[in-house]
Amino acid sequence: MPRARTTYAETFEHVKDLMQDARGGAVDLAASQPYIEAIIKSLGRNGDALLSLTKLRRCDKYAYTHSVNVAIFSVAYAHYLGLPENKLHLVGLAGLFHDFGKIFIPQAILDAPRKLTSAERDIMQAHVLLGYNHLVKEKDIRPEVLQGVMQHHEKYNGSGYPNRLRGSKISIYGLILSLSDHYDALSSKRVYKEPMPANVALAVMYKMREEAWAPGYVERFIKMMGVYPVGTPVLLSNGERGAVCHSNPEYPTLPKVMIALNPAGRPVPPRLRDLREHPGLDIERSLTGNDAEMLDVGMLLSHA
Ligand SMILES: [Fe+2]
């Protein structure tokens with residue numbers, strides 16, 4: 001967990017620097033390689049540790065945490081799908097740079113606390129081409145990275161943008177990026193919206209499956225994340241509250257939970273409940289708003 005924390009923090013600082021420095025200038029893609037390498041290694045050591053850190057996002061730093069999180073989810077999912085290691089690097093880079101074009105979009109549009117007008121939506125959607133046009137100038141950039149960036153808002157039924165690609169015209173890179181991007185966007189807090197609990201975000205994505213993604217891909221994404229992904233604050237059926245700290249892939253609804261509050265709502269020293277070992281005890285629901293904020297998820301995960 002401490003090593004995963006270092007990997008996350010260093011990648012975050014790297015993304016912040018590259019997005020702040022990049023306006024107008026060149027992007028040094030090679031400089032990002034060691035960070036992707038560290039993400040791949042960290043996921044290989046303990047996938048839950050790095051994935052759990054994506055839950056500790058800071059709303060005011062969304063542009064940076066979102067890029068790091070999408071890179072992490074994309075690499076994890078590409079690995080889950082069986083892509084070879086050299087492709088994991090490309091997926092990771094595409095994740096870090098997928099929304100690069102947003103550095104050219106006015107902050108007032110990025111953070112607008114309301115529905116965008118159609119003119120504003122056009123400007124917002126231009127981030128894909130703006131990012132692509134900037135990155136394509138890099139001499140060593142690989143086509144897979146550009147595909148991921150260019151296709152992360154395309155949809156299986158052809159209703160996406162910018163090229164309204166349909167079906168198999170969308171590459172595996174676009175597909176992986178789109179799933180990771182949706183999941184992080186839905187489950188993140190923004191200035192204009194509360195975060196969706198991770199299990200609710202996955203349920204919303206499942207409903208979108210026919211329009212948005214090739215058959216079977218969202219199902220596998222959910223299987224990888226677990227029905228209650230690591231870091232989800234939950235209420236157990238006995239009234240205890242805590243955070244999911246390990247998934248049980250064979251029993252996706254029965255993860256390990258680190259308990260913080262007893263049924264009376266009083267704090268208790270963190271203790272681990274493996275729901276597989278407690279017949280009859282299960283997750284009542286995920287927690288939101290104040291109920292979720294009463295739990296220090298970061299502290300609980302550090303005990304896992
Ligand atoms: Fe985007």
Side-chain angles (χ1 to χ4, degrees), residues 11-12 15-16 18-20 22-23 27 29 32 36 54 57 59 61-75 77-78 90-113 115-136 138 141 144-165 169-193 195-196 201 204-205 208 211-213 217-218 221:
T11 311
F12 175 91
V15 169
K16 188 168 141 197
L18 75 85
M19 284 181 126
Q20 283 175 348
R23 260 170 240 266
V27 196
L29 284 163
S32 297
I36 302 298
T54 62
R57 55 197 114 226
C59 170
K61 305 282 186 234
Y62 177 76
Y64 312 136
T65 54
H66 178 63
S67 299
V68 179
N69 292 350
V70 169
I72 292 171
F73 295 132
S74 298
V75 170
Y77 189 46
L90 303 175
V91 168
L93 269 185
L96 275 194
F97 284 95
H98 78 286
D99 266 350
F100 186 73
K102 284 196 176 166
I103 65 173
F104 306 108
I105 308 295
Q107 202 64 35
I109 292 183
L110 293 177
D111 288 339
K115 203 169 184 295
L116 297 179
T117 64
S118 72
E120 287 171 334
R121 202 167 47 243
D122 288 347
I123 295 172
M124 174 69 117
Q125 294 189 350
H127 79 273
V128 176
L129 266 172
L130 288 168
Y132 175 87
N133 289 341
H134 206 85
L135 294 168
V136 77
E138 300 306 311
I141 194 158
E144 295 92 332
V145 178
L146 291 171
Q147 274 181 340
V149 173
M150 189 65 176
Q151 298 176 355
H152 76 275
H153 286 290
E154 297 290 356
K155 287 192 174 152
Y156 190 69
N157 68 359
S159 67
Y161 65 90
N163 289 326
R164 295 185 155 267
L165 296 182
K169 291 266 187 291
I170 302 169
S171 69
I172 187 71
Y173 302 97
L175 189 54
I176 291 170
L177 268 278
S178 169
L179 281 157
S180 305
D181 182 32
H182 268 85
Y183 175 69
D184 193 62
L186 290 173
S187 57
S188 289
K189 183 178 169 74
R190 302 295 306 277
V191 280
Y192 53 81
K193 77 166 182 75
M196 251 180 214
V204 167
M205 288 169 65
M208 296 165 61
E211 62 190 76
W213 302 291
Y217 281 91
V218 77
F221 189 82

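Both ligands and their constituent atoms are indexed starting at 1 by order of listing. Heavy atoms only: backbone and side chains are in, while hydrogens, waters and symmetry mates are out.
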Please answer whether the main-chain N or O of Y183 pairs with a side-chain N or O of S187 as donor and acceptor at a distance below 3.5 Å.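 Such a contact is found between S187 side chain and Y183 backbone.
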Hey, does the side chain of S159 reach the backbone of K155 with a donor-acceptor pair shorter than 3.5 angstrom?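 Absent.
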Would you call the rings of F100 and F104 parallel, tilted or perpendicular, taking 30° and 60° as the class edges?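 Aromatic pair F100/F104 classed perpendicular.
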Parallel, tilted or perpendicular for H153 and Y161, by the 30°/60° rule?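 Rings of H153 and Y161: parallel, under 30°.
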Taking the six-membered ring for Trp, are H152 and H182 closer than 6.0 Å centroid to centroid?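 Here the rings of H182 and H152 have centres that are no less than 6.0 Å from each other.
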Under 2.8 Å from the Fe ion (ligand 1), protein N/O/S atom count?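 My tally for this metal is 4.
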Any residue meeting side chain to side chain donor-acceptor pair (under 3.5 Å) with Q151, in chain and number order, not counting sequence neighbours: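 For Q151, the residues satisfying side chain to side chain donor-acceptor pair (under 3.5 Å) (neighbours in sequence not counted) are S171.
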